[in-house]
Amino acid sequence: MNADSQEQVVKPTTGSAAVRPPPDVPRRVEPSGPLPASVAAGADGAMAEVARSETTLRRFLAGLAGVDQVGAEARAAALATRSVKAGSKLWAIDTAISMVDLTTLEGADTPGKVAALCGKARRPDPSDTQVPAVAAVCVYPDLVATARRSLAGSTVAVASVATAFPSGRASLSVKIADVRDAVDAGADEVDMVIDRGAFLSGRYGVVLDEVRAVKQACGTAHLKVILETGELATYDNVRRASWLAMLGGADFVKTSTGKVSPASTLPVALVMLEAVRDFSRSGGQQVGVKVAGGIRSTKDAIRYLVLVSETAGDAWLDASMFRFGASSLLNDLLMQRSKQRSGAYAGSDDYSLE
Amino acid sequence: MASTRFPYAPAPESRAVVTLRPSYGLFVNGEFVEPSDGAMFETVDPSSEEVLAEVASAGPVDVDRAVTAASRAQQEVWGPMPGKERAKYLYRIARLVQERSRELAVLESLDNGKPIRESRDVDVPLVAAHFFYYAGWADKLSYAGLGPAPRPLGVAGQIVPWNFPLLMAAWKLAPALATGNTCVLKPAETTPLSALLLAEILQQAELPPGVVNVVTGAGATGAALVEHPRVDKIAFTGSTEVGKAIQRRLAGTTRRLTLELGGKAANIVFEDAAISQAVEGIVNGIFFNQGHVCCAGSRLLVQESVADTVVDALKSRLETLRLGDPLDKNTDIGAINSSRQLDKIRELAGSGDAEGATRWSPECVLPDRGYWFPPTVFTDVAPAHRIAREEIFGPVLSVLTFRTPDEAVAKANNTTYGLSAGVWTEKGSRILWMAQHLRAGVVWANTFNRFDPTSPFGGYRESGFGREGGRHGLEAYLDA
């Protein structure tokens, strides 16, 4: 998609009640043209300089150290052998619960389903008040208001996917409208998808632009940028896309939509954790990581926490910096938690489905 | 310093899987026998200095009994046996090693001090892999490119070191047995136990008596084996100093020799390398097995343009290394194998300080008992420093810099050794160019300390001669 076709898509929808492109949405720029410096939000001077033009951006991303696939996978596999027991396992389980973005992203979602999920999110285990609430409930934009009402008075945030989730195949104005919808309905966090087509065809400026525009449309809402690593395919791409998202002002980088296989894997998370660590060390802000898709067991969750601890460090071991996008994971965490405390396994019917 | 928010609770592997006997005899002609002169010595757990068992010290008479048993077994049973039958024994040994892998791993970590993660995930699986691999060769020797009917040499005297006690035994036994030789194995005096457990496994596999004999003891036992006139071949892995002495003793005899000795390998990191993985490779290169690795990447040659980046990343990575109880499944760095080795490491590290290099170690609490040395990095190292030239055989890395590929090659080759080297770059053509110009038996590209039974391993110059592993490894045990 080029700037011209973008304009064509925007025009017919301008003025429609459902789609309200904000006046300050930056215009898509020609490749190799300068990017608007005014939207270099979240990055300091050096970072803004990198994003000055498509050329500087491309040079910068190409200049990032590559990722050796064999080495990255070996490192992730080695860390997966860590044995987490006793007190450290209990801490990990409670921490993982507090990091869950309890998610439902189905065509069949209803207000009833979302309300039920919110109940679970506030109090995952009604029989044990010590169990922490989860971090957020993640829904489609049209159900944000429902979730907002159900979570009123709780610490649980409302997260919404947006930007033509999961494919991201829509014009920028539609994506922005999607974000506005979610934010207006009360979303605290917005999970956007990057334009993988633009990324894979080397139009990094387009991706950066979109992230910046969405960040601006988010206002105070936190922005999680979904890279859809299963479609980016290589770890080099994962690292570059992570940097791109961070340069665009992402508060979080997120692995996957959950709609594409493979979703999150340990080596992908490793590469993203290295990216946020390196970004922070080089003077950027501290950006969080969210892993999503296919994480169902406590064992998996603990492996991710080990990865966080030994790659990015203690500063990321907090729900403000690391999240699990999951649905069935929560009950497994609860079962393992009671097993650790009582010594006996609970049955699956001892916990509510949602 | 490991994470303070997420400290891992102790996760020790159970010692109960291993039954330690208070006293071990010699394994001669298929059974455990008392030594003829009755001398015994103790083997200790280097992480606690606890005495694990008493082991027999074989004298010349014991060695002669073992060689006699091996010679008879070679002539009467093992040599005449068809290759496909020998293969069955080797396959059986490999499977038994797998079945008893936990026991072997725990015993190896107890006696050696290496982390259970390494003995469990590296040493023991490779032991089984070597037996499996050479089992496959036993009935195909005519197709090894060594002539139509290569013949075994006879009795192989095999002297193995303490750094990978069981793995080095397997490297030596598997090809020797596959090719129809019989063996007298001499494990290192500080780590005899896993070889003796392997002897039990050989009994369990019903390997014919005398095909493998194990004589424990110190240098004198090894010397008796080297000097025995009916030993047809000596295979030695250990220090360059002892290797030279063995070669002198065998000079002028018809006995064959292969030596796998020391090293001072260069691990070369170019500016275009995948830095995160290169850092992992540096860690694996020098801190794997506490640096008790003959092919350890003990000299880091890093391109000057990225030296600060790499060293900074390396240091912060080293902060996460976990040093302690070798049997804890989360331990990365175990104990130094002996007080003698610890003294040697301290002496050489001390010379680094004295000669003006800058020493750095992560914050790291050493246990009160046992032999321990923290992971250590020396920067500001000049090529003339002892720590840049002598093998330390411990967790000590010397960092040097280079500017161009030619300079990297020149510096890497500027050593009396030539066992291994590592090259880190994303540029394939440079890897090939470097591999052609490095004088090292093994050149790893974008990895380090990776072993496979199909790949030959061995050195140049003072790192020894002869190859172990792969098709090449057969040659050391065959009269082609």
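All heavy atoms count here, side chains included; hydrogens, waters and symmetry mates do not. Per chain, numbering begins at 1; letters A, B, ... match sequence-line order.
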Cut-off 4.5 Å, heavy atoms of chain A, and the answer for B:Arg450 is neither

Is the number of heavy atoms from other residues, nucleotides or ligands under 6.0 Å of A:Asp128 CG greater than 12?
-> yes

Checking side chain to side chain contact (heavy atoms under 4.5 Å, CB included) for the pair A:Arg277/B:Ser316: CA distance, chi angles, key distance, verdict?
-> CA-CA 11 Å; A:Arg277 176 199 67 195; B:Ser316 63; 5.8 Å; no

Between B:Ala11 and A:Lys85, which heavy-atom pair has the shortest distance, and what is it?
-> CB-CG, 4.0 Å

Nearest atoms (heavy-atom pairs only) where A:Val306 meets B:Phe6 = N-CE2, 3.9 Å

Nearest 0.5 Å, what's the CD1-CG distance between B:Ile275 and A:Asp278?
-> 10.5 Å

For B:Asp121, is it the side chain, the backbone, both, or neither that has a heavy atom closer than 4.5 Å to a heavy atom of chain A?
-> side chain

Any donor-acceptor pair under 3.5 Å linking the side chain of A:Arg75 with the backbone of B:Glu280?
-> no

Can you check whether A:Gly66's main-chain N or O pairs, donor with acceptor, with B:Glu426's side chain at less than 3.5 Å?
-> no

Are any side-chain N or O atoms of A:Asp314 and backbone N or O atoms of B:Thr4, one a donor and one an acceptor, separated by less than 3.5 Å?
-> yes

On a heavy-atom basis, the closest approach of B:Arg117 and A:Thr81 is CD-OG1, 3.6 Å

Do you know which of A:Ser88, A:Gly87, A:Gly63 has the most heavy-atom pairs under 4.5 Å to chain B?
-> A:Ser88

Could you please spell out the steps behind the side chain to side chain contact (heavy atoms under 4.5 Å, CB included) verdict for A:Val70 and B:Gln277?
-> CA-CA 9 Å; A:Val70 174; B:Gln277 284 70 48; over 6 Å; no

When the 4.5 angstrom heavy-atom criterion is applied to A:Glu274 and chain B, the contacting part is side chain

All heavy atoms of B:Ala273 vs all of A:Ala65, minimum pair found to be O-CB, 3.8 Å

A:Arg82, part contacting chain B, at a heavy-atom distance under 4.5 Å | both

Tell me, for A:Leu305 versus chain B, whether the close heavy atoms (under 4.5 Å) come from the side chain, the backbone, both or neither.
-> both

Looking only at heavy atoms, which two atoms of B:Tyr8 and A:Glu310 are closest? And how far apart?
-> OH-OE2, 2.8 Å

